[in-house]
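One structure is given below, encoded as structure tokens.
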Amino acid sequence: MMRVGKMINSRAFGILSISTKSHNYSTSNLNYSTISNHKTSSELGIMVEAKIAPSMLSSDFANLASEAERMLTFGADWLHMDIMDGHFVPNLTIGAPVIESLRKHTKAYLDCHLMVTNPLDYVDQFGKAGASGFTFHVEVSKDNWPELVKQIKSKGMRPGVALKPGTPIEEVFPLLEGEHPVEMVLVMTVEPGFGGQKFMPDMMNKVRTLREKYPTLDIEVDGGLGPSTIDAAAAAGANCIVAGSSVFGAPEPAQVISLLRTSVNKAQKTC
Ligand code: DX5
Ligand code: ZN
């Protein structure tokens with residue numbers, strides 16, 4: 001058991017009761033879905049489950065459905081979908097219509113990372129499209145995050161908040177408290193905008209701080225994760241691992257996915 005004796009955030013602890021063995025979260029009033037044949041956190045004797053989320057930004061977008069299926073067959077828990085508006089970040093990717101199309105082909109948990117200036121404008125369409133998680137950036141949501149989180153939940157999605165490398169971790173603390181807290185924090189380990197960048201080890205201080213304060217929170221890391229960087233992220237306490245180029249570029253992606261999972265589970269057990 002990890003950090004026994006520490007204060008447990010009861011709200012976050014509730015997440016653990018969600019079964020990830022089936023396609024639907026049983027305790028959810030929402031439409032989250034995921035595919036996983038792996039053991040649950042309680043079966044493993046750990047506080048947080050590993051969620052391995054290949055970033056579809058590195059996939060062949062012309063064959064998105066089969067790429068998604070391929071990753072799930074290789075053992076992915078979630079599919080990470082990078083939504084970029086060409087304004088918040090200097091790149092343009094996909095929007096709700098693509099999520100809607102993909103949703104027709106898979107029941108998987110679609111972990112949507114919105115790198116957009118006006119996330120509130122997209123909640124409704126992403127909800128209708130079938131997004132599972134809706135993670136917005138704190139840098140553009142300081143004034144309206146309570147409303148944003150409320151809306152995300154009301155549309156059947158799971159709210160998460162992301163922060164860029166230059167943003168202090170303290171800025172997400174208020175979003176983890178109160179009536180409508182976020183249920184995941186995404187710590188960017190590269191500047192958002194592009195795949196294939198170098199992992200920033202300094203960001204692990206943020207992950208450690210967060211894990212100390214919230215033992216059961218889903219903490220996601222995104223950018224430059226792969227076999228050579230996973231141990232640092234796992235040791236700091238990250239449990240949701242986004243990996244684009246290291247998975248899609250591997251001769252055997254299943255091996256990389258398995259290695260990422262093993263590292264997280266091992267670190268959780270030794271904490
Ligand atoms: C970057 C995106 C990432 C990206 C990660 O802005 O948020 O999800 O796809 O790619 P890798 O794993 O190649 O760094
Ligand atoms: Zn991302």
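Order of appearance sets the numbers: ligands from 1, and atoms from 1 within every ligand. Because the structure is predicted, anything quoted here is derived from the model rather than measured. Any value given below was found using the heavy atoms of this structure, including those in side chains, with hydrogens, waters and symmetry copies removed.
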Shortest protein contact, [atom] (heavy atom only):
atom: atom 5 (C) of ligand 1; result: Asp222 OD1, 3.5 Å
atom: atom 6 (O) of ligand 1; result: Gly193 N, 2.7 Å
atom: atom 11 (P) of ligand 1; result: Gly196 N, 3.6 Å
atom: atom 10 (O) of ligand 1; result: Gly195 CA, 3.5 Å
atom: atom 14 (O) of ligand 1; result: Gly224 N, 2.8 Å
atom: atom 13 (O) of ligand 1; result: Ser245 OG, 2.5 Å
atom: atom 1 (C) of ligand 1; result: Phe194 O, 3.4 Å

Please list, in number order, the atoms of ligand 1 under 4.0 Å from a heavy atom of [X].
X: Met115; answer: 6 (O), 7 (O)
X: Leu57; answer: 9 (O)
X: Gly244; answer: 11 (P), 12 (O), 13 (O)
X: Gly223; answer: 14 (O)
X: His80; answer: 8 (O)
X: Pro192; answer: 6 (O)
X: Ala243; answer: 12 (O)
X: His113; answer: 7 (O)

Count I, L, V, M, F, W, Y as connected when their side-chain heavy atoms are under 4.5 Å apart, and connections chain through other members. Are Phe173 and Val185 then in the same cluster?
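Result: yes, single cluster for both.
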Please step through salt bridge (charged side-chain N to carboxylate O under 4.0 Å, His left out) for the pair Lys142 and Glu171, ending with a clear verdict.
CA-CA 9 Å; Lys142 281 178 191 147; Glu171 296 208 6; 3.1 Å; yes
Do Glu220 and Asn239 pass the side-chain contact (heavy atoms from CB on, under 4.5 Å) test, and can you show the C-alpha distance, the side-chain angles, and the key distance before you say yes or no?
CA-CA 6 Å; Glu220 187 168 66; Asn239 66 303; over 6 Å; no
On the six-membered ring of Phe88, is Lys164 placed so that its NZ or CZ lies under 6.0 angstrom from the centre and within 45° of the ring axis?
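Yes, Lys164 lies over the aromatic ring of Phe88.
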Taking the six-membered ring of Phe126 as reference, does the cationic atom of Lys155 (NZ for Lys, CZ for Arg) lie under 6.0 Å from its centre and within 45° of its axis?
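That pair does not qualify as a cation-pi contact.
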His113 and Asp111 side chains, donor-acceptor separation under 3.5 Å:
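Their side chains do not contain a donor-acceptor pair, so the 3.5 Å distance test is not met.
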Between Thr216 and Arg211: side-chain donor-acceptor atoms closer than 3.5 Å
no
Test Asp77 against every option in Arg261, Lys39, Lys51 by the salt bridge (Lys or Arg N to Asp or Glu O under 4.0 Å) rule and name the one that passes.
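With Asp77 as partner, salt bridge (Lys or Arg N to Asp or Glu O under 4.0 Å) holds for just one option, Arg261.
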Gap between atom [atom2] of [Y] and atom [atom1] of [X] - 0.5 Å precision:
X: Tyr122; Y: Phe134; atom1: OH; atom2: CZ; answer: 9.5 Å
X: His80; Y: Asp222; atom1: NE2; atom2: CG; answer: 4.0 Å
X: Glu191; Y: Met115; atom1: CD; atom2: CE; answer: 12.0 Å

Hey, are Glu100 and Arg103 close enough for a salt bridge, meaning a charged N less than 4.0 Å from a carboxylate O?
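A salt bridge is absent here (no side-chain N lies under 4.0 Å from a carboxylate O).
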Under 3.5 Å: N/O of Asp82 near N/O of ligand 1:
yes
Check whether Arg158 reaches the backbone of Lys153 with its side chain - one donor and one acceptor, N or O, closer than 3.5 Å.
no
Return yes when Ser246 approaches ligand 1 closer than 4.0 angstrom through a heavy atom, no otherwise.
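Judged by the 4.0 Å heavy-atom criterion, Ser246 does not count as contacting ligand 1.
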From atom 9 (O) of ligand 1, work out which of Gly249, Ala53, Ser55 has a heavy atom at the shortest distance.
Ser55
For His87, does the NE2 atom have more than 12 heavy-atom neighbours from other residues, nucleotides or ligands under 6.0 Å away?
no
Within less than 2.8 Å of the Zn ion (ligand 2): protein N, O or S atom count:
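Count of protein N, O, S atoms less than 2.8 Å from the Zn ion (ligand 2): 4.
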Could you walk me through whether Asp231 and Ser263 pass the side chain to side chain donor-acceptor pair (under 3.5 Å) check?
CA-CA 6 Å; Asp231 287 348; Ser263 178; 2.6 Å; yes
